[in-house]
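Accompanying notes for the structure given below.
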Amino acid sequence: MAEASLCVQGIRKHFGGVSVLEDVSFAAPAGGLSGMIGPNGAGKSTLFAIVTGFQAGDGGSVLFKGQDVTALPTVQRVRLGMARTFQVPREFGSLTVRENLMAAAPGQAGEKLRNVFFRPGWIRAEEAAIAAAAEEWLAFLNLERVADAPASSLSGGQRKLLELGRALMVRPAMILLDEPFAGVNPVLVGEISERIRELSAKGIGFLIVEHNLAALSRLVDRLFVLDRGRLLAEGAPAEVLADAAVREAYMGGSA
Amino acid sequence: MGFSLFANLAFNGLITGLVVSLLALSITLVFGIARFPNAAAGDVATVGAFAGLLGPLAGGGTLWIILCGMAAGALLSVAFYFLLFRPLAGKSAVSSLIASIGMAFFVRAALTFFLGHDQRVYPLPIVRAMPVGPLRVQPTDIEIVVAAVLALAAVFSILHLTPIGKRMRAVADNAELARVSGIRANRVLVAMWLIAGLLAGLSGTLLGVKTVVSPEMGWDLLMPAFAATILGTIGNPVGAVLGGVLIGLAQELSTPFVGFTYKLGVGFLVLLVTLLIRPQGLFAKNSLVR
Amino acid sequence: MLSYLLAVAVVALIYSLMTLALNLQFGFTGLINFGVVGFFAIGAYTSALLSQAGLPLELTLPCAALAAGLAAWPVALLSLRLRIEYFAIVMLGYAETIRLVISQEEWLTGGVRGLPGIASLSVGLGIPGDPTLVAFALALACVVGAVLVSRRLVHSPFGRMIQAIRDDEDAVRALGKSPGRFKVAVFVVSCLFVGLSGGLYAHYITYLAPDQFGALLTFYIWVAMILGGAGSVGGALVGSAILLGFIEGSRFLHDLLPGVSAVEMSSVRLGVIGLSMMLLMRFRPQGLLGGKAGCG
Ligand SMILES: Nc1ncnc2c1ncn2[C@@H]1O[C@H](COP(=O)(O)OP(=O)(O)OP(=O)(O)O)[C@@H](O)[C@H]1O
Ligand SMILES: [Mg+2]
């Protein structure tokens, strides 16, 4: 296994009296494709929130690229190369699709008012470069046709793609996807999977939470199972899915 | 000399504080259940105070003044729930907040259009203050304390002992869960706005009994009441009452140091300091919200 | 008649500076400023007092803008720490407290008696001609400047990011950008407009008193912004024009209706503003022209 890029150790979290995560530890390899499954309410999104710094855990630590990021705020984790999407897409609804992607470009000089008013030439050049990068990802994700539509007009599947595009603009080392296939038609599921595989080949790591087992197990090379806040199993998809305990928890639990 | 001055200020502070508490409780109930800071609460109190002027027509004494004021407050509150806040329920808290400021202006405009800007007083007999130890106590002061304490006791009994009160607290705890478990939110909301209106109306009349009735009285009471609400942790009824008393004491006891005008600013100062040091308020543990 | 219209237009322009500012704050960034009138008062009194101390208007007007910007800075930092509803209430109290200070500190501000005899724009700047016309030209120049600044800002990468913040702050964080820096910058820069507006107002009316700075003025500006459509620069101008049309129209109406006193007319204005706030929220949060943002 390649060197671990994301390493989660002993994460705990409770809301009020309810324990949602109990001592969760796992490691996702750099550049690999990892998946995570688990019944509704297992704590997957909460785990994502803690890994990305949107919520604080009650215990445990998060290591990213060998660095302890447990105490870092979200923005600094992102700058280290950790990008994410949300289970319910959170596009910038009043901006166009293209603007959504351009907004995501890191380190823009044009985001400083000083430059906006006194260095217009510099900003124009920078904007051209950002637009070109956005154009590439729009083409890659097949969003060119809707590039100038307001993001709020997109379909559910397109929003998932938009969020992926925005995450890619950040130039991340690893992307955490929360249910990228939910509410997406089967044709588009195949397309998104294909894109993810291509990106993985370019060295970007993925951790994907998904309920669509068929699509996920075809995509990833490592699968984690979370059930009621505990890590139940991990391993190659075929092995994990054959595991009796997993079948019990997952199939029994959600059906 | 110094002691009796401060004792009297503290006593006055307690009374002002109870008036603020009633309005703060009204605001905190609305916030806990309808989830927005209701800036119209102050002007509902003003309407209550003006309606109290009708009291003597119904019968003599403070009691009728209070009853008229509470009835008017309740009526206004429930009417605006149906006309304004219910249709806005699905939108952001900011929409309801802006609408509630609009309502405050509208209500005050209607009052001043028809009744002018003059200050009025209730036709209560003027009685000399009785000395109680170092305190000089007006009989109306006693009435105010009794009325406020009875009202607070009634509201807490409703919240904790009656089925509708328990449902209110359940909705405040978790609106989604309450909906799923089949609580009819509409009835809870009507009851909540009714109580909020009664409390605001009472707060207005008591302030009128203590001082004078004027169109701006409610708006001026709003900032101390918001301060009390936040000090006591927004959404927490007990906190609102204690916060109100603290604000009242702070305002009165600071008068010798900052003067009469800045006394009004004390509420804001307390609000600001609370938010900076303890944004969740003093009583976050028992809050209805979050 | 023409000079009357011109006088109204000056006030409309002065107000639209504030509407443009509020539009940047709320319409584009989602920041709730219920204390607009406080910054307006700071600008007005700063410029008036400095000019009475002998400074030329060429200096006092920029100082008015700076003073308001300076006062906005700690408030902006506060907005990062507070929940949005709390911040709204704090802003209401902030503006009321500023008015309290103005009415209390008589030695400086003249207290409730007011501050008379402030140099007019034409005299203060030494521009000959009809004072109203001079004021109009100056206010117009300021508004044009503010529109240009607003447009440049909104159509820049900075402007893209503040709109992203308005749409979804957490998603902005997920891109590795802190919303705080942007919010503070917008808040302070737009309060410069408000301060300037206050300065112009002081030297146009030439008399200041605390009761000119009540909370109602803040909500005049809110109504103007929502009418024109939050999140649209042109809409801010249209909204201010409609609003002033109403306020001045009500004065006009008062001349025509002898039965209604000036005091009653002020109640009518308050009532109509209150009513329009309720009706707009209820039926047309996106404004008459339909801005990008709205308040729904
Ligand atoms: N802010 C919160 N306050 C209280 N409880 C919460 C909160 N967030 C999540 N929970 C609870 O924590 C549990 C785990 O939620 P989470 O969203 O992490 O599950 P999940 O595995 O992502 O589920 P799904 O597959 O439905 O997305 C659920 O029972 C949920 O109700
Ligand atoms: Mg989830």
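Throughout, a chain's letter reflects where its sequence line sits, starting with A, and its residues are numbered from 1.
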Per-residue contact mode, [X] against chain C (heavy atom under 4.5 angstrom):
{"X": "Ala93(B)", "result": "side chain"}
{"X": "Phe226(B)", "result": "side chain"}
{"X": "Met103(B)", "result": "both"}
{"X": "Phe85(B)", "result": "neither"}
{"X": "Leu269(B)", "result": "neither"}
{"X": "Leu83(B)", "result": "backbone"}

What's the shortest heavy-atom distance between [X] and [Y], and which atoms?
{"X": "Phe31(B)", "Y": "Glu85(C)", "answer": "CZ-OE2, 4.1 Å"}
{"X": "Ile98(B)", "Y": "Met277(C)", "answer": "O-CE, 3.4 Å"}
{"X": "Arg81(C)", "Y": "Leu275(B)", "answer": "NH2-O, 4.5 Å"}
{"X": "Phe113(B)", "Y": "Val268(C)", "answer": "CE1-CG2, 3.6 Å"}

Choice from Ala39(B), Gly265(B), Ala227(B), Pro37(B) maximising heavy atom contacts with chain C below 4.5 Å: Pro37(B)

Contact leader toward chain C among Ile101(B), Leu88(B), Leu111(B), Thr229(B), where contacts are heavy-atom pairs under 4.5 Å: Ile101(B)

Between Glu264(C), Met265(C), Gln104(C), the one whose heavy-atom pairs under 4.5 Å with chain B are most numerous: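 It is Gln104(C).
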
Option in Ser266(C), Ser261(C), Gly271(C) with maximal non-hydrogen atom pairs under 4.5 Å from chain B: Gly271(C)

Rounded to the nearest 0.5 Å, what separation is found between the [atom1] atom of [X] and the [atom2] atom of [Y]?
{"X": "His117(B)", "Y": "Ser267(C)", "atom1": "NE2", "atom2": "OG", "value": "4.0 Å"}
{"X": "Thr274(B)", "Y": "Tyr86(C)", "atom1": "OG1", "atom2": "OH", "value": "10.5 Å"}
{"X": "Lys263(B)", "Y": "Leu100(C)", "atom1": "NZ", "atom2": "CG", "value": "11.5 Å"}
{"X": "Leu270(C)", "Y": "Phe105(B)", "atom1": "CG", "atom2": "CZ", "value": "6.0 Å"}

Any donor-acceptor pair under 3.5 Å from Arg282(C) side chain to Leu84(B) backbone: no

Polar side-chain atom of Lys91(B) near backbone of Met281(C) as donor-acceptor pair, under 3.5 Å: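 Looks like yes, one N/O pair under 3.5 Å.
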
Below 4.5 Å from any heavy atom of chain B, which atoms of [X] appear? Answer side chain, backbone, both or neither.
{"X": "Ile273(C)", "value": "side chain"}
{"X": "Val223(C)", "value": "neither"}
{"X": "Leu78(C)", "value": "side chain"}
{"X": "Leu82(C)", "value": "side chain"}
{"X": "Phe34(C)", "value": "side chain"}
{"X": "Ile32(C)", "value": "side chain"}
{"X": "Ile89(C)", "value": "both"}

Pairwise side-chain contact, Phe106(B) with Met278(C), heavy-atom cut-off 4.5 Å (strictly under):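 Heavy-atom side-chain distance check passes, below 4.5 Å.
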
Heavy-atom check, side chain of Val90(C) versus side chain of Phe268(B), under 4.5 Å: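 They are in contact (side-chain heavy atoms under 4.5 Å apart), so the answer is yes.
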
